[in-house]
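The next block holds one structure in the form of C-alpha cells; read it before the comments.
These values consider heavy atoms only, across backbone and side chains, with no hydrogens, waters or symmetry-generated copies.
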Amino acid sequence: MATQPCDMRKQADGLSALVQGSLGQQPKSGHLFVFFSRRRDFVRILFWDANGYCTVSKRLEAGRFRVPAPVEGQAAVHLEARQLAELLSLVEASSAVRRGEVH
C-alpha cells in the first residue's frame, strides 16, 4: 500500500510507473499495489495477471477508508491479504452528504 495519496486519474501505465519509481517495486511481481486518493474515498489496486495489468477501483458514496498513518520516510506499507480485506471494509462514518444528493 502506498503511503502517499495518488492521483486517481492514473490508469495501469501511470500506476505501474509509480510502483517502480516511488515504491521501488516491480509491478509484474504478482503483488497487489494499493493506492488511495487524498480524501481517502477512492482506492485503486494494480496487479499483473498472466499477460497484462489489471486495475480494480472502489469509490465510496459516503465516508472514508481507514488508512493507517504513514511512517516517516516510508513510501509503502506491506499488508497481508486479511489486512487488505479489513482495510477495504472499514469505513469511517462522515457527516458528508452522499454524492449526488441535494439538501
Measure the shortest side-chain to side-chain distance between [X] and [Y] over non-hydrogen atoms and say whether it is less than 4.5 angstrom.
X	Y	answer
M1	V67	yes
L15	F35	yes
K58	F65	yes
L87	F36	yes
Q25	Q20	no

Contact summary for [X] and [Y], nearest pair of heavy atoms:
X	Y	value
S16	L46	N-CD2, 3.6 Å
C54	D49	SG-CB, 3.7 Å
Q26	F33	O-CZ, 3.7 Å
L18	C6	CD1-SG, 3.6 Å
W48	P27	CB-O, 3.6 Å
E80	Q83	N-OE1, 2.6 Å

Under a 3.5 Å distance rule, please check whether [X] uses its side chain to pair with a backbone N or O of [Y] as donor and acceptor.
X	Y	value
R44	M8	yes
T55	I45	no
S89	E86	yes

Q.
Measuring from atom CG of L23 to atom OG1 of T3, what distance do you get when rounded to the nearest 0.5 angstrom?
A.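 One gets 8.0 Å once the value is rounded to the nearest 0.5 Å.
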
